[in-house]
Every structure is written in structure tokens, then in C-alpha cells.
Q: 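Please see the structure below; I have some questions.
Residue numbers begin at 1 in each chain, while the letters A, B, ... track the order of the sequences. Just so it is clear, the structure is predicted and the values come from calculations on it, not from any experiment.
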Number of protein chains: 2
Amino acid sequence: MFYYLCTMASDKRTHILSTAQKLFQEKGLGMVTMEDVARAAGMGKSSLYYYFKSKEEIFDAVLETEISEIILETMKRMSSRSGLLEKLMAFAAVKFEMARKRKSLYRAMEAGMDAVALSRYNELKKGVHLRYLEKEKVILQQLLIQAAGDRSIKTLHPKELDQAVMMFLSALRGMNREITLFGSAEQADELLPAFCRLFQRGLQ
Amino acid sequence: MFYYLCTMASDKRTHILSTAQKLFQEKGLGMVTMEDVARAAGMGKSSLYYYFKSKEEIFDAVLETEISEIILETMKRMSSRSGLLEKLMAFAAVKFEMARKRKSLYRAMEAGMDAVALSRYNELKKGVHLRYLEKEKVILQQLLIQAAGDRSIKTLHPKELDQAVMMFLSALRGMNREITLFGSAEQADELLPAFCRLFQRGLQ
DNA sequence: ATTTCGACCGAATTTGGTTTTTGGTCGAAT
DNA sequence: ATTCGACCAAAAACCAAATTCGGTCGAAAT
């Protein structure tokens with residue numbers, strides 16, 4: 001009795017989630033059925049619907065935890081550095097590593113998805129991307145505001161601040177993309193810091 | 001007799017090419033058959049193979065001419081501006097406009113392609129992208145070298161030059177991407193110039 | 001009251017076999 | 001040198017039947 005009282009709903013939820021995450025990573029989203037998830041989690045299919053409204057909700061939640069992990073890692077690494085430039089570089093480095101990891105993850109996930117499922121999935125990814133972007137924005141805004149306070153860079157109006165953040169983020173994304181498509185990891189080690197330096201100088 | 005001597009092979013080639021281009025843009029690559037191209041060009045299907053080795057070669061050539069057009073437009077617009085910043089902005093503006101246009105073009109082209117055809121087509125696009133990138137690089141390299149000569153920016157070592165060009169290009173690409181996905185055209189009108197300014201200041 | 005699950009449903013997907021289409025070849029005609 | 005009709009193999013489109021899968025519901029278990 002006491003035992004059961006302790007296994008709260010949220011525990012089961014996270015258990016299902018981590019199980020699903022493992023399966024998605026192994027076989028791709030398109031290849032994992034609710035039946036699979038249920039079996040792997042040690043319950044019947046119907047039971048899943050007691051904890052989640054739909055398959056999409058599960059997948060969404062999995063992506064959400066992955067985002068949180070990345071954001072957490074980013075903040076951790078940045079906090080161990082000091083100075084604007086160092087922190088920018090740390091940010092860029094984590095972002096690059098994570099982009100690499102997640103690329104193979106996504107590729108695996110997309111395996112075995114038809115065109116319809118893929119477009120639906122892309123909608124989902126777009127939503128996730130937006131939420132992720134928002135969190136990244138906040139981190140960078142704080143960083144730049146602090147740097148302006150330290151006189152490391154010039155003072156930025158709210159609009160300028162927003163633009164600067166947007167520039168930095170989308171530029172990084174673009175560079176990551178180009179590098180993973182055509183370049184090498186060593187190239188990233190030079191290009192990303194160089195860009196951070198340029199970015200900082202541009203804001204002085 | 002004389003008439004026939006004047007209609008050189010290259011004329012027919014370009015005629016076929018422009019016909020194919022029109023059809024591709026109208027119906028999408030996947031929906032245009034060699035028969036269609038031949039009919040539209042006023043000849044039998046077999047005759048196409050006298051001028052081109054394969055359908056892919058035709059498509060490749062079409063993409064190539066499109067790239068040339070964009071590059072030409074870019075150079076034209078840049079030449080009507082003076083000063084590094086102005087030229088950078090012109091470059092960015094053309095790139096953004098063209099990215100918009102070509103996006104709908106690509107989307108149309110991809111219509112009616114199965115997964116296999118799509119992956120083959122993506123390989124092709126990747127190759128085109130690389131060739132395009134090379135031409136863009138040359139333009140920007142020249143621009144930056146000239147700017148360094150004018151003392152508009154600091155002198156750049158070959159490696160730095162390459163990095164700067166790469167940064168600028170992939171950053172632009174990333175910003176275009178982000179804007180077309182989530183932003184507005186007005187946002188581009190502010191963000192792109194702002195980035196050009198930052199880029200220039202970063203190189204001073 | 002909370003949690004689990006078997007039975008069930010409709011929509012979507014796979015399957016397997018057939019017919020059509022399509023990129024590409026070849027030899028004859030011009 | 002250029003064009004084209006006839007032809008081929010492979011890919012794609014098609015289609016009906018069988019199957020799978022996400023999701024629901026009410027009854028049972030705890």
C-alpha cells in the first residue's frame with residue numbers, strides 16, 4: 001500500500017518518457033508504435049493513454065526534456081567561464097556539439113516516415129525549435145546586458161539587443177549547418193571562436 | 001543549307017534548356033518527363049539524347065544557368081554601390097531576395113517526387129550549392145581585399161580572409177533561413193543591414 | 001478513486017501482383 | 001550531323017485485400 005502511494009503519477013510519466021526516448025533514438029519515431037512503448041515500459045497500450053493524451057504528446061515531451069538538457073548544459077559550461085568572449089565561445093561550442101548529436105538523432109528519427117508523417121513531424125520540430133530559440137535568447141540577452149554593464153560592449157537599446165541576439169543565434173545556426181554539411185570539426189574549432197571575436201568587436 | 005549551318009548545336013542546346021527550365025518551374029522536376037520537354041521543344045524524345053547525356057544533365061545545366069543569373073545580378077547591384085558597407089548590404093539584399101524566390105521554386109520542383117528521387121535530387125542540389133558557394137566566396141574575397149587596400153578594414157591574412165568570408169556567408173544563410181521560417185520581410189530589412197554593420201566593425 | 005487492460009473501431013498503411021509510364025538505347029532514315 | 005520510331009528494362013502508379021496502429025471505452029483490479 002505504502003509502496004503504491006509512493007509511485008506517483010509523475011514517476012510513471014517520466015518512466016514512460018525515458019523508455020520512449022530510448023526507443024525513438026534506437027528505431028526512429030516512425031518505427032516505434034505505442035504498443036512497443038507500452039511493452040518496453042511494462043504495461044498495456046491502453047495504459048499509456050492514462051498518462052498521455054496522444055503519441056504526439058509523448059514525442060513532444062521527449063523533445064522538451066532533450067531541450068532542457070541542452071539548455072542546462074549550456075548554462076553550466078558558460079558559468080564556468082568568465083568574460084563575455086569566453087562565455088560566447090562556450091555557448092557556441094555547446095551549441096555546435098549538441099547540433100551534431102541531435103542531427104544523427106533526428107536523422108534516425110525521420111527514418112521510416114512517409115511524406116505525410118514527415119510534414120506533421122516537421123511542424124512539431126518547428127514548434128520545438130521556437131521554444132528552444134526563446135530559451136537561448138534569454139540566456140544571451142542576460143549575457144549582453146551584463147556585458148554592457150561591465151562596459152565590455154556599448155550599451156544596447158532593447159531593439160538593438162534583440163537584433164544582436166538574433167544575429168548571433170542565426171549566424172551560429174547557419175555556420176553549424178554549413179560546417180556539418182561541407183566542413184570538418186576542426187574547421188568549427190577555428191570558425192566559431194573567430195566569429196565570437198568578430199561579434200564582440202562589432203558590439204564595442 | 002546556309003541556314004542549317006547557322007543553327008549551331010549550342011543554339012539548340014540553349015533552346016532545350018530554356019524550354020526545360022520553363023517546364024520545371026511550372027510543374028516541378030518530378031512532374032516533367034523527357035517526352036514533355038521534347039514536345040515543348042518541338043522535337044522527338046530521342047533527339048534530346050543527341051544534345052544531352054541524361055535528364056540529370058539537363059536539370060544540372062538548368063540549375064547552373066540559374067546560379068549564373070543570380071551571381072550576375074549580385075555583381076550588378078554591388079557595382080552600383082560604393083564603399084564596403086554599402087556593397088555588403090547590396091550582397092545581403094540580393095541573396096535574401098533570391099533565397100525567397102528560389103525557395104518557392106524548389107518547393108514547386110520537389111512536388112511530385114518520391115523519397116528516392118528526392119534524395120538523389122538533394123545530392124544534386126548539394127553539388128550546386130557548393131559551386132554557388134565558390135562563386136560567392138570569390139566575390140566577397142575580392143571585396144574584402146579591396147577594402148583592406150582602402151584601409152576600410154584591417155589587413156587580413158589569407159586564412160583570416162577565408163574565415164571572414166565563410167562567416168559572412170554562412171551567417172547570412174542562417175539568418176535568411178531563420179527569417180523565412182519564423183520572421184517577416186521587414187525584419188530582414190533591419191537585421192541584414194545591422195549584421196553588415198556589425199561585420200564591418202568587427203573587421204576594423 | 002486511481003490505475004490497468006482487453007476488446008474494439010476507423011483510418012491509415014502495407015502487401016502483392018498487374019499495368020503504365022518513363023528514362024534511355026539503337027539502328028534506320030534524312 | 002541530326003532526327004525519330006520502335007523497343008527495352010526498370011521504376012512508378014494502381015488497386016483491392018489484408019494488416020497495423022493510434023486512439024476509445026467500459027469493465028475489472030487495486
Side-chain angles (χ1 to χ4, degrees), chain A residues 1-17 19-20 23-24 27-62 110-121 123-124, chain B residues 1-16 19-20 23-24 27-62 110-121 124:
Chain A
M1 279 305 147
F2 211 68
Y3 183 75
Y4 275 119
L5 282 175
C6 285
T7 53
M8 298 171 297
S10 67
D11 277 349
K12 286 258 175 155
R13 265 185 76 100
T14 57
H15 174 235
I16 293 172
L17 243 39
T19 306
L23 287 180
F24 287 155
K27 307 169 66 179
L29 175 67
M31 299 267 81
V32 176
T33 72
M34 291 297 269
E35 187 75 42
D36 293 336
V37 176
R39 283 276 175 92
M43 49 173 59
K45 185 178 66 155
S46 311
S47 305
L48 292 182
Y49 289 89
Y50 182 74
Y51 297 99
F52 296 94
K53 214 170 86 297
S54 65
K55 187 182 186 183
E56 188 167 307
E57 192 176 289
I58 294 184
F59 184 56
D60 205 41
V62 167
E110 282 161 13
M113 287 177 81
D114 58 295
V116 187
L118 214 130
S119 79
R120 233 178 302 158
Y121 160 78
E123 281 303 304
L124 227 159
Chain B
M1 279 305 144
F2 211 69
Y3 184 74
Y4 274 119
L5 282 175
C6 284
T7 54
M8 295 170 298
S10 68
D11 277 349
K12 285 259 176 154
R13 264 186 76 101
T14 57
H15 174 235
I16 293 172
T19 306
L23 287 181
F24 286 155
K27 306 168 66 177
L29 174 67
M31 300 267 80
V32 177
T33 73
M34 291 297 268
E35 188 74 43
D36 293 336
V37 176
R39 283 277 173 91
M43 48 173 56
K45 186 178 65 154
S46 311
S47 305
L48 292 182
Y49 289 89
Y50 182 74
Y51 297 98
F52 296 93
K53 214 170 83 313
S54 65
K55 186 182 185 183
E56 187 167 307
E57 191 177 290
I58 293 184
F59 184 55
D60 204 41
V62 167
E110 284 161 13
M113 289 176 80
D114 59 295
V116 187
L118 214 130
S119 80
R120 235 178 302 158
Y121 160 79
L124 227 158

Q: For dG24(C) and Y49(B) - does any side-chain N or O of the residue sit under 4.0 Å from the phosphate oxygens OP1/OP2?
A: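 For dG24(C), OP1 or OP2 has a side-chain N or O of Y49(B) closer than 4.0 Å.
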
Q: Write down the distance between CD (E35(A)) and C1' (dA12(C)), rounded to a whole number of angstrom.
A: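 Between C1' of dA12(C) and CD of E35(A): 17 Å.
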
Q: Return whichever of M34(A) or M43(B) has its heavy-atom-nearest nucleotide of DNA chain D closer to the 5' end.
A: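 This one resolves to M43(B).
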
Q: If you check every side-chain atom of Y51(B), which of dT3(D), dG24(C), dT4(C) has the closest atom?
A: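 Nearest to the side chain of Y51(B) among the choices is dT3(D).
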
Q: Would you indicate whether the side-chain heavy atoms of K45(A) and T33(A) approach each other to under 4.5 Å?
A: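 With C-beta onward as the side chain, the pair stays apart.
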
Q: On a heavy-atom basis, which atom in M31(B) and which in D36(B) lie closest, and how many Å separate them?
A: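 Shortest heavy-atom separation between M31(B) and D36(B) comes out as O-OD2, 3.7 Å.
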
Q: For dT3(D), does OP1 or OP2 lie under 4.0 Å from any side-chain N or O of S46(B)?
A: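 Checking S46(B) against dT3(D): no side-chain N or O falls below 4.0 Å of OP1 or OP2.
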
Q: If the cut-off is 4.0 Å, is Y50(A) near the phosphate of dT4(C), judged by side-chain N/O to OP1 or OP2?
A: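 Indeed not, no polar side-chain atom of Y50(A) lies that close.
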
Q: Nearest whole Å is fine: how far is dG22(D) C1' from D36(A) CG?
A: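 Distance, rounded to whole Å: 12 Å.
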
Q: Which atom pair, heavy atoms only, marks the closest approach of Y51(B) to R13(B)?
A: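 Minimum heavy-atom separation between Y51(B) and R13(B): O-NH1, 3.0 Å.
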
Q: For V32(B) and L23(B), work out which heavy atoms get closest and say how close.
A: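 What the structure gives for the nearest pair is CG2-O, 3.6 Å.
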
Q: Take the protein atom NZ of K55(A) and the nucleotide atom P of dG23(D), then report the distance between them rounded to whole Å.
A: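 The distance from NZ of K55(A) to P of dG23(D) comes to 8 Å, rounded to the nearest Å.
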
Q: Quick one: does K45(A) reach the base of dG6(C) with a side-chain donor-acceptor pair under 3.5 Å?
A: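 No.
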
Q: Of all heavy-atom pairs between I16(B) and M43(B), which one has the smallest distance, and what is that distance?
A: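 So the two residues come closest at CD1-SD, 4.1 Å.
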
Q: Rounded to the nearest angstrom, tell me the gap between atom CG in L48(B) and atom P in dT2(D).
A: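 So the CG-P distance, L48(B) to dT2(D), works out to 14 Å.
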
Q: If you compare all heavy atoms of A40(B) against all heavy atoms of T19(B), which two are closest, and at what distance to 0.1 Å?
A: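 Answer, listing the atom of A40(B) first, then T19(B): CB-CG2, 3.4 Å.
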
Q: Hey, what bend do you get for the helix from dA1(C)-dT30(D) to dT30(C)-dA1(D) if you fit axes on five pairs at each end, rounded to 10°?
A: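 The two end axes of the helix from dA1(C)-dT30(D) to dT30(C)-dA1(D) meet at 30°.
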
Q: To the nearest angstrom, how far is H15(A) atom NE2 from dT3(C) atom P?
A: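 From H15(A) NE2 to dT3(C) P: 16 Å.
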
Q: Give the rounded distance in Å between these two atoms: CZ of R39(A) and P of dT4(C).
A: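 About 17 Å, once rounded to whole Å.
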
Q: Whole-Å distance between dC21(D) P and F52(A) CZ?
A: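 So the two atoms are 20 Å apart, to the nearest Å.
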
Q: What contact category does V32(A) fall into here, base, sugar-phosphate, or nothing, at under 4.0 angstrom with non-hydrogen atoms?
A: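 If one applies the 4.0 Å heavy-atom cut-off, V32(A) turns out to touch the sugar-phosphate alone, with no base involved.
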
Q: Between C1' on dT22(C) and CD1 on I58(B), what's the gap in Å once rounded to a whole number?
A: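 Rounded to the whole Å, the gap is 13 Å.
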
Q: Just call it for S47(A): base, sugar-phosphate, or nothing, with non-hydrogen atoms closer than 4.0 Å on any strand.
A: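 The residue S47(A) makes base contact.
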
Q: Check whether any side-chain heavy atom of K55(A) lies under 4.5 Å from a side-chain heavy atom of V37(A), and answer yes or no.
A: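 They are not in side-chain contact.
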
Q: Is the phosphate of dT4(C) approached by K12(A) (side-chain N or O, under 4.0 Å from OP1 or OP2)?
A: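 Checking dT4(C) against K12(A), a side-chain N or O does come within under 4.0 Å of OP1 or OP2.
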
